[in-house]
Student: 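The structure is given below, and queries will be raised subsequently.
Residues: numbered from 1 along the sequence shown.
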Amino acid sequence: ALLLAYVGYVGLGAGVLQALERPAEVQAAQRLLQQHWELLANHTCLRGPGLQRLIEGIVQAYKSGITLQGNTTSLGRWDFSGSFFFSISAITTIGYGNLSPSTVAGRIFCILFALFGIPLNLVLLNEIGQLMLLGVQRCARHLEEVFRWQKKASLLIKTCALVTGLLLFLLLPPFLFSDKEGWSYEEGFYYSFITLSTIGFGDYVIGMNPDRTYPGWYKNVISLWILFGMAWLALVIKFCINFLE
């Protein structure tokens, strides 16, 4: 019964996503094809195979963090700040997919780094989560002693912890992303949940716009936000698991 419910839930998600996203995919494909033929028609010196190789080269370069800016190229995704953020996304298993090692040595190191880093990250997240839970329990006991509340104190503190976590990790960060990335609030909220839940689609990633200048503290602060936000969301998900079980 549980397996059937699981498959049914995934099937429901697939059906809804197909209905919502398929028309946009078809429109984007038609628009791309139209732009391709218009470019070839307006610039007869271009040849189809040569244009295709250029497009593939641009796409591959963009995946490596290199973009064209006039007659120059922009670098910076593999500076220390960018590498630090990639390391965080690797051991937290977010894996955005927009950036990955391109050298053999880098890929081998990434495997070894993640092999030991993922368990270390899980241990740290567990400790942070336990500290958060311990703080909530101590506050509940303190209220019980002061106001002689019993079940009300525990419920009140848990509600406050949930609301505080929602504000700190999901509701307020989109305002920062709107300011630094130029995203809408909806896009920032979407990025926040996709990141903290370690889904990590990679369609939105901070600090990747070559037309924007980011302060030095930005990625480091976001890395801490990811760490504590994942610990908080893990507690919420654990509560949901207990409820479902």
Side-chain angles (χ1 to χ4, degrees), residues 10-79 81-83 85-86 88-90 93-104 106-107 110 173-215 218-219 222 226:
V10 174
L12 174 65
V16 172
L17 287 172
Q18 181 182 16
L20 294 175
E21 298 296 330
R22 183 65 175 178
E25 181 187 33
V26 172
Q27 291 179 2
Q30 292 174 346
R31 186 165 56 250
L32 177 62
L33 190 60
Q34 182 180 359
Q35 291 173 349
H36 177 266
W37 289 115
E38 286 178 355
L39 182 63
L40 290 177
N42 294 331
H43 300 81
T44 55
C45 59
L46 293 176
R47 295 292 181 268
L51 178 61
Q52 185 65 29
R53 286 194 297 271
L54 175 62
I55 293 173
E56 291 174 355
I58 293 175
V59 171
Q60 187 60 40
Y62 181 78
K63 290 180 178 180
S64 301
I66 303 171
T67 57
L68 286 173
Q69 292 181 325
N71 293 325
T72 61
T73 56
S74 67
L75 300 173
R77 291 193 180 182
W78 285 113
D79 57 7
S81 178
S83 300
F85 188 73
F86 171 81
I88 287 287
S89 68
T93 70
I94 296 173
Y96 290 114
N98 68 310
L99 187 64
S100 58
S102 59
T103 63
V104 175
R107 289 169 180 168
C110 188
F175 290 109
L176 176 63
F177 301 140
S178 297
D179 178 59
K180 300 302 180 183
E181 305 291 342
W183 298 342
S184 66
Y185 183 86
E186 178 272 329
E187 291 171 329
F189 183 82
Y190 167 80
Y191 166 78
S192 299
F193 181 80
I194 293 301
T195 295
L196 297 184
S197 60
T198 71
I199 297 173
F201 288 127
D203 48 353
Y204 290 92
V205 184
I206 60 112
M208 296 299 173
N209 191 341
D211 299 325
R212 288 182 172 267
T213 302
Y214 300 99
Y218 182 51
K219 287 187 177 181
I222 297 303
I226 289 174

Student: Any idea which heavy atoms bring Pro23 and Gln18 closest together, and the distance?
Tutor: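 The pair with the smallest heavy-atom distance is CD-O, 3.9 Å.
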
Student: What residues, two or more places apart in sequence or in another chain, satisfy salt bridge (charged side-chain N to carboxylate O under 4.0 Å, His left out) together with Glu25?
Tutor: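 Only Arg22 meet the salt bridge (charged side-chain N to carboxylate O under 4.0 Å, His left out) criterion with Glu25.
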
Student: For a quick test of your reading: what N or O donor-acceptor pairs under 3.5 Å do the side chains of residues 188-198 make, sequence neighbours left out?
Tutor:
unit_1 : atom_1 : unit_2 : atom_2 : d
Tyr190 : OH     : Asp203 : OD2    : 2.9
Tyr191 : OH     : Tyr96  : OH     : 3.0
Ser192 : OG     : Gly188 : O      : 2.8
Thr195 : OG1    : Tyr96  : OH     : 2.9
Thr195 : OG1    : Tyr191 : O      : 2.9
Ser197 : OG     : Phe193 : O      : 2.6
Ser197 : OG     : Ile194 : O      : 3.4

Student: Under 3.5 Å, is there a donor-acceptor pair between the side chain of Ser178 and the main chain of Trp183?
Tutor: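 Yes; at least one donor-acceptor contact below 3.5 Å.
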
Student: Say you draw a straight line from CG of Leu176 to CD1 of Ile206; how long is it, rounded to the nearest 0.5 Å?
Tutor: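 Here the interatomic distance stands at 9.0 Å.
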
Student: Given side-chain contact (heavy atoms from CB on, under 4.5 Å), test Ile88 with Ile222 step by step and report yes or no.
Tutor: CA-CA 10 Å; Ile88 287 287; Ile222 297 303; over 6 Å; no

Student: If I take atom CG from residue Leu39 and atom CD from residue Gln34, how far apart are they, to the nearest 0.5 angstrom?
Tutor: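 With rounding to 0.5 Å, CG (Leu39) is 12.5 Å from CD (Gln34).
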
Student: Rounded to the nearest 0.5 Å, what separates atom CZ in Arg212 from atom CD in Glu181?
Tutor: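 That separation rounds to 7.0 Å.
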
Student: What's the shortest heavy-atom distance between Pro101 and Phe86, and which atoms?
Tutor: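 Nearest heavy atoms, Pro101 then Phe86: CD-CZ, 3.7 Å.
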
Student: To the nearest 0.5 Å, tell me how far Glu187 CD sits from Phe177 CZ.
Tutor: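 Here the rounded value is 12.5 Å.
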
Student: Once salt bridge (charged side-chain N to carboxylate O under 4.0 Å, His left out) is applied, do any residues pair with Arg31, and if so which ones, sequence neighbours excluded?
Tutor: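 Here no residue qualifies.
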
